[in-house]
Amino acid sequence: MFLRLILRQMRHKWEVTLLLFMAMAALVTLYVYLVNSAGFSNRSMELIMKNMGHNMLILPESADPGDFYLCTDRQQPFPEEVAGRMAAREELASKYYASILQVREKVGDSQAILTGIAAVHRGDETTEKAHLVTDVPPGHARLGSAAARALRASPGGEVTLRGRTFRVEQVLPSQGELDDCRVYVPLAECQELLGAPGEINAILAFLCLHGTTQEGMNRYQRERMGRLFPGYKVVTKLHIAQGRSLARVTTSRYLYCLLALVTCITVIVIAVTGLQEVAERRQETGILLAMGAGYPYIVGLYVFKMLALAATAALAGFVGGSLLAKALLAPVLAVNTRAMGVVWEQFPGVLGLAGLVAVAATALPMLKLVRTDPNLVLTEE
Amino acid sequence: MLELDGATKVYRQGGRTIRAADGLTLAVRPGDFLVVHGPSGSGKSTLLLMAGGMLPPDAGAVRFRGEDVYRWGPARRNRHRREQVGFVFQRFFLIPHISVYDNIRLRYSLRGDPAGAAAGIAALARRLGLAERLGHLPGELSVGEQQRAAVARALAGAPGLVLADEPTGNLDPENAAIIIECLREEARAGRAVVMVTHNPGFIGMGTAQVRLVAGRAAQKTAGVTA
């Protein structure tokens, strides 16, 4: 009978029920649209920032970073296997390690930096979260734009360094950085050319910035590195790390503000409708009390109805919001990691939130209901 | 069955004090049909609400089968109303979005007796001429039918005490007579019935009468105990 009362009331006042449902569904749609579009935008922006390259340099504790930047003869070599050990430690916040061995080379009137490079993979890398470095095929070289000019090389051609000929796999676009002068070759081949088997000069890594500030994550990383790899130090490439951190903070705060606004509007809509409904149904409240139904039963009629509406509105709004985000945002994103669509993993959260908002918004009308004097209602002319 | 012992209810409105019940003392036994009458504002409805466990008096006591109703907690009082009290109001207060059948069934449901509903509703509908109207919504019924449905709901589950507040106030003479006769039958069946009315023609229809003036029992017939 309890459910029957609710369903019949919803049917009897179907216009109000429909309006309430549409209001809630629209707000859930907006919520899901914002969450999805912000989530995918954020991910896209993170990828853009990730594509800017590694944001950490790992060197031996006693090494002078200047020697690495200037590629001097004073660089301190260290075992290549260190990078593998780091990649195996999941306690570190860093990922996407790349081992580097570099030496300055005279090329005609100019100079280039012969750079042996090898990606060091971690077990939790996925297709979506792929390594930053794609390995240079054996016998091939990948040239920075300035190095390509100095060597007069183009893709498909050949370059000879220290007596070994490499086929040019790719010429990288100019980045306005030292990397334009690099000639990337497979690390093993570089080690062989330089007579330094198993040695590297530096490790490039990417510090993830999940869940805290850049400063917080740096502290965390340094503490872990100091404990696990005491002979090594971390140098942060600040502009890349900061850019990524600020992008994340900006999108997150923007999203929280919008979501808070949407939640407030939802609560107000439900509360106002609820207050109106309590006023309209005061005689029903009065007679139910006269028949011995307690307040828990009567309040339950309202709350259960709101929860049922919230659940259906959550489902409709979830699907609507997801599809809207897909339709409006997918063509705009500069970088896509995965196809946009309905992310069903979010639904339990949306459902729970819709329920909480419905219950919270019903609190004020229910306060009015229990403060209504049924005797006044039953004796009013 | 029902006793009001010096029951007093005072309302304060804008600095004005209204004594809606002023030391009311009376008793109603099973089989009594007490008619309460008096001018508007004399406290008739207040008497009914106090008697039904809806409105606690400021002073005095309301007892049902010897127990003070307002010494019970809200849950016990709710149970009392579910099981022992049937209310009828001038404005019916049928729930508009459920059928007449469901309006009556709701009372069985609240009493925790859904099994008894089918037979009980059928009997009440036959008695009150509602058999053809059970599937209709209250808004589809005539005024007389709505009041008969409200009476049927009040009588569902055979409560010991029936309280009717101007049940004939909006009705034509034919429907009013049906309602009055139904209430008299209830009294004859051993239930205590208290009816408030303005209609002088119905004052003599009960087994006893009380005339209220300014919250006081200005006149009681011999049938009114205490």
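A quick note: this is a predicted structure, and the numbers were derived from the prediction, not measured. Numbered from 1 within each chain, the chains take letters A, B, ... in sequence-line order.
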query = Within a radius of less than 6.0 Å around CZ of B/R111, do more than 12 heavy atoms belonging to other residues, nucleotides or ligands occur?
reply = yes
inquiry  = Can you tell me which portion of A/L5 sits under 4.5 Å from chain B's heavy atoms? Options are side chain, backbone, both or neither.
reply    = both
ask   = Which pairs pass side-chain hydrogen bond (donor to acceptor under 3.5 Å, both in side chains) with one or both residues in residues 12-35 of chain A, sequence neighbours excluded?
value = none
query = Distance from B/Q90 atom CD to A/L378 atom CG, nearest 0.5 Å?
reply = 12.5 Å
Nearest non-hydrogen partners of A/R8 and B/I98, listed with the distance = CB-CG2, 3.7 Å
inquiry  = The criterion is side-chain hydrogen bond (donor to acceptor under 3.5 Å, both in side chains); which residues satisfy it with A/T312, sequence neighbours excluded?
reply    = none
query = Got a sec: does the CZ of B/R76 have more than 12 other heavy atoms crowding it under 6.0 Å?
reply = yes
query = Which residues in residues 258-276 of chain A have a heavy atom less than 4.5 Å from any heavy atom of chain B?
reply = none
ask   = What distance separates B/L55 CG from A/D373 CG, expressed to the nearest 0.5 Å?
value = 7.0 Å
task = Answer with side chain, backbone, both or neither: which region of B/L106 has an atom nearer than 4.5 Å to a non-hydrogen atom of chain A?
result = both
remark   = Interatomic distance, CG@A/N375 vs CG@B/L48, rounded to 0.5 Å, equals 11.0 Å
key: For A/A290 against B/F87, the heavy-atom pair lying closest together   = O-CD1, 3.5 Å
request  = Pick whichever of B/R153, B/E166, B/R77 has the most heavy-atom pairs under 4.5 Å with chain A.
outcome  = B/R153
Over all atoms of both residues, closest heavy-atom pair of B/L110 and A/A293 = CD2-CB, 3.8 Å
request  = State whether the number of non-hydrogen atoms from other residues, nucleotides or ligands found under 6.0 Å of A/Y256 atom OH is greater than 12.
outcome  = no
task = Below 4.5 Å from any heavy atom of chain B, which atoms of A/R281 appear? Answer side chain, backbone, both or neither.
result = side chain
task = With sequence neighbours excluded, give me every side-chain hydrogen bond (donor to acceptor under 3.5 Å, both in side chains) pair touching residues 292-309 of chain A.
result = A/Q9-A/K305, A/E277-A/K305
query = Between OG of B/S109 and CE of A/M291, what distance do you get to the nearest 0.5 Å?
reply = 9.5 Å
ask   = Which atoms of B/P96 come close to chain A, meaning under 4.5 Å heavy atom to heavy atom: side chain ones, backbone ones, both, or neither?
value = both
task = Check A/P374 against B/M54 and note the closest heavy-atom contact, atom names and distance.
result = CB-CE, 3.9 Å
ask   = Just wondering, are more than 12 heavy atoms of other shown residues or ligands nearer than 6.0 Å to NZ in A/K368?
value = yes
